[in-house]
Every structure is written in C-alpha cells, then in structure tokens.
There are 2 protein chains.
Amino acid sequence: MGVVRNTKSVKLVNDLFNEIHSAIGVVELVEKFNGQMNKSTIYRILDRLEDEGRVHSFLGVNGLKHYAKCHDCSKSEHVDIHPHFQCTTCGKVECVSYEIKIPRLSNKKIEQAQLLLTGTCEVCLA
Amino acid sequence: MGVVRNTKSVKLVNDLFNEIHSAIGVVELVEKFNGQMNKSTIYRILDRLEDEGRVHSFLGVNGLKHYAKCHDCSKSEHVDIHPHFQCTTCGKVECVSYEIKIPRLSNKKIEQAQLLLTGTCEVCLA
DNA sequence: TTATTTTTGCGACTGAGTTGCATTAATTGT
DNA sequence: ACAATTAATGCAACTCAGTCGCAAAAATAA
Ligand SMILES: [Mn+2]
Ligand SMILES: [Mn+2]
Ligand SMILES: [Zn+2]
Ligand SMILES: [Zn+2]
C-alpha cells in the first residue's frame, strides 16, 4: 500500500478513459499503448485504477477483460453496477444504464450479478 | 461434417453429465479424466456435444469455460437459456431456473443475455 | 539535494485453449 | 466376418492473456 503516484503512464491511461465513452478491452489497450508503456505496466495500472474506484472491469463474451470509467465509485465501494453490451458485428463494448433485477434463490445468498448482453449496435444496424 | 461417433471417451463424458447435476468447469473435467483421455479430446468432445445441443457452455466468474447438460435443446437450437450461479466459497457452479428479463435498448438489437450470479450456496451458508 | 518508496521495463513464466498430423477406433458396405 | 472408409484420438508443439521477480528509473518526502 501507500500513496498512488501520478506517473506519466497513469496519466495516459486516465486520459484515454476520459476521452472514450465506450468500454475497452485489455487487448486493445495493450495495442493502443504499444511503444508508450509495457504490457505489465498497463495491467498494473488498471488494477490500481480499479482499486481506487476510477474504473471497473468485466469480462466480454470471449472471456477477455474489459474496462470502463466509473461514475460515483470510490476506493471503498463500487456502486455503479450495470449490464454491459457487446456488438457481435463490430466488437464495440459499452456500459448499459439499466438496473439489473437480481432473482432471489431459495437458500442461496446472491451477492453480485453480472449481465452481458450481445447483439447488434446502432451503427451496425444502420 | 458427418456422423458423430459414439466412442468410449464420448460415453464417459456423457455419463458424467448424466450423473452430476451441477455444472462443471473445463479444468475439473480435464482433471477428472486425467489418464483416461487427452486434454484435446475433452475439449473436442465438449465442442461436439454443444453442437448437438446435449450440453451448453458459459463462462464462470474467472472467465473459465463451464459446461452443463441441456434440457430440450437440439442440434438446430439451444432453447434453455438461463442464469448461472457460482458459489464464491466452495466454487460450485449451477444452472438457475429463472427467466432472464432482457432489457430493451434504444437502437440496439439484443440477441442474447448471459447472467452470472455469484454468492454463497446453501451448503456454504449452513 | 538526498533518502525513501513506488512504479516501470524486461524477460521469463503460467495455464487455458488450439492445431497439425500420424495413428487408432468406429462405422459402413459387401 | 472382413475390408474400406471416415471420424476421433494422442501427442507435442504452439498461441495468447495474464502474472511475477528483480534490477533500474521515476516520483514523492525529508
Ligand atoms: Mn460498465
Ligand atoms: Mn446452464
Ligand atoms: Zn456494432
Ligand atoms: Zn458453496
């Protein structure tokens, strides 16, 4: 633990999440920052940003990790739980503003729900 | 393509899915059949069984592939779409009989929804 | 500036999943 | 039952996301 340092690389990653409004896969991130920072560095920065509640992660349809900017989350708690959408045509991944209805299961305690929607996005439909 | 052959290995895998009633991860499957059949064979059999609508697959919380027996599915269509539950204490993974309510998103066509629930199972709660 | 602590780059590694190919086993036809 | 055909298997090598240890570099504190 300790203070989180505001390095050049951290700034670059942060800037990206402020620019883009969709989510982004870790493969694309590694590709995007190729030459600017090391693969390990990207993974480590994403881990730290997630710890701090600045980004959240989820798995795409292929099981690959994706990240998106958080809203109203803090170091202590991730509060913006929502579904994610992945376009099967162009691959775009997005956060979806919609409250997930968690089913009650007898004798089980459900703590979390992850909903991944797949289909065709507005651009690919047109 | 061609006929699907009822080999010794296929029988073993099929028998397992008839015995167990929970889902099972591919890692456990490889471990379980260690010495009886090759890793590649397991992956290939699972692919074929899924094609035929005898098992269905989904990703667990770690992004690892899991399989469970199908009900009322055929080679042409997988009809038993449902959420899955994974116990964060014992790791058990199960199919959940519950109809997923798919949200309508403006300008998007949603074709599929995958819901993964995580929490504590009845055994681990007691 | 100097000392301290975090972060980075690098390279080696892990582990799930895939692939090509020669061999083996299941099915089909006679 | 046997031979011919074709699908399935074993094996070993491979791919690729993700991790790790460690020495060097950068950021913060003194
Ligand atoms: Mn999101
Ligand atoms: Mn299921
Ligand atoms: Zn699209
Ligand atoms: Zn449990």
Side-chain angles (χ1 to χ4, degrees), chain A residues 1-17 23-68 75 84 86 91 93 114 116, chain B residues 1-17 23-68 75 84 86 91 93 114 116:
Chain A
M1 295 276 161
V3 245
V4 175
R5 299 190 176 179
N6 203 24
T7 63
K8 206 181 198 172
S9 297
V10 169
K11 276 175 213 142
L12 283 170
V13 174
N14 246 320
D15 286 355
L16 180 71
F17 280 109
I24 184 163
V26 91
V27 175
E28 290 79 49
L29 278 164
V30 170
E31 169 63 23
K32 189 151 246 163
F33 290 118
N34 180 34
Q36 293 179 88
M37 72 189 82
N38 190 269
K39 183 173 71 157
S40 312
T41 303
I42 299 180
Y43 280 102
R44 291 190 273 227
I45 288 178
L46 291 169
D47 277 357
R48 265 179 275 146
L49 292 182
E50 189 165 22
D51 274 355
E52 292 173 41
R54 289 159 84 176
V55 301
H56 60 276
S57 73
F58 57 94
L59 301 178
V61 75
N62 38 26
L64 300 192
K65 221 165 186 187
H66 287 69
Y67 285 87
K75 195 176 298 205
H84 293 94
Q86 184 161 9
V93 181
Q114 302 171 44
L116 180 63
Chain B
M1 295 280 161
V3 249
V4 176
R5 298 189 176 179
N6 203 24
T7 64
K8 206 182 200 169
S9 296
V10 169
K11 275 176 213 141
L12 283 170
V13 174
N14 247 320
D15 286 355
L16 179 71
F17 279 108
I24 183 164
V26 90
V27 175
E28 290 79 50
L29 279 163
V30 170
E31 168 63 23
K32 187 152 247 164
F33 289 119
N34 179 34
Q36 293 179 89
M37 72 189 82
N38 189 269
K39 182 172 72 155
S40 311
T41 304
I42 300 180
Y43 280 102
R44 291 191 273 226
I45 289 177
L46 292 169
D47 276 358
R48 266 179 275 146
L49 291 182
E50 188 165 23
D51 274 355
E52 292 173 41
R54 290 159 83 177
V55 301
H56 60 276
S57 73
F58 57 95
L59 301 179
V61 75
N62 37 26
L64 300 191
K65 219 165 186 188
H66 286 70
Y67 286 88
K75 194 176 299 202
H84 293 93
Q86 184 161 9
V93 181
Q114 303 172 43
L116 180 63

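Labels below follow one simple rule: chain letters A, B, ... track the order of the sequence lines, proteins then strands, and each chain is numbered from 1.
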Check: What is the distance, rounded to the nearest whole Å, between atom CD of B/Q36 and atom P of D/dA8?
Finding: 20 Å
Next item on the list: Whole angstrom is fine here: how far is it from CD in B/E52 over to P in D/dA7?
Entry: 14 Å
Next item on the list: Let me know the distance between CG of B/L29 and C1' of C/dA16, rounded to the nearest Å.
Entry: 13 Å
Checklist line | Residue pair A/L46 / A/S57, side-chain heavy-atom distance below 4.5 Å | finding: no
Notebook entry, point to check: Can you tell me how far C1' of C/dT6 sits from CG of A/D51, to the nearest Å?
Noted result: 15 Å
Next item on the list: Figure out the CZ/C1' separation between B/F33 and D/dC11, and round it to whole Å.
Entry: 20 Å
Next item on the list: Over 60° means perpendicular and under 30° means parallel, so classify the ring planes of A/H56 and A/H84, tilted if in between.
Entry: tilted
Next item on the list: Just compare D/dT28, D/dG18, C/dT8 and give me whichever is closest to any side-chain atom of A/V10.
Entry: C/dT8
Next item on the list: For the residue pair A/L16 and A/L29, establish whether any side-chain heavy-atom pair is separated by less than 4.5 Å.
Entry: yes
Item checked: For the student: nearest non-hydrogen atoms of B/L12 and B/F33, plus distance -> O-CZ, 3.7 Å
Notebook entry, point to check: Would you say the base of D/dG18 and the side-chain of A/R44 have a donor-acceptor pair closer than 3.5 Å?
Noted result: no
Margin query: Let's see if you can work this out: which of D/dT9, C/dT8, C/dC10 has an atom nearest to the side-chain heavy atoms of A/R48?
Written below: C/dT8
Next item on the list: Rounded off to whole Å, could you give me the OH-to-P distance for the A/Y43 and C/dG9 pair?
Entry: 15 Å
Notebook entry, point to check: How close or far is atom C1' of D/dA7 from atom CG of B/D47, stated in whole angstroms?
Noted result: 15 Å
Next item on the list: Choose from D/dG10, D/dT6, C/dT5 the nucleotide whose nearest atom is closest to any side-chain atom of A/R5.
Entry: C/dT5
Notebook entry, point to check: When only distance counts, do a donor and an acceptor, one from the side chain of A/K39 and one from the base of C/dG9, lie under 3.5 Å apart?
Noted result: no
Margin query: Regarding A/V30, tell me which of base, sugar-phosphate or nothing describes its non-hydrogen contacts under 4.0 Å with the strands shown.
Written below: nothing
Next item on the list: Measure across B/R48 and B/V10 and return the closest heavy-atom pair with its distance rounded to 0.1 Å.
Entry: NH1-CG2, 4.0 Å
Item checked: Distance below 4.0 Å between A/S9 side-chain N/O and C/dT7 OP1 or OP2 -> no
Next item on the list: May I ask you to verify if any side-chain N or O of B/T41 is less than 4.0 angstrom from the OP1 or OP2 atom of D/dG10?
Entry: yes
Notebook entry, point to check: Rounding to a whole Å, what distance do you find between A/I45:CD1 and D/dA27:P?
Noted result: 12 Å
Note to self: Classify A/S40 by what it touches in the nucleic acid, base, sugar-phosphate, or nothing, heavy-atom distance under 4.0 Å.
What the structure shows: base
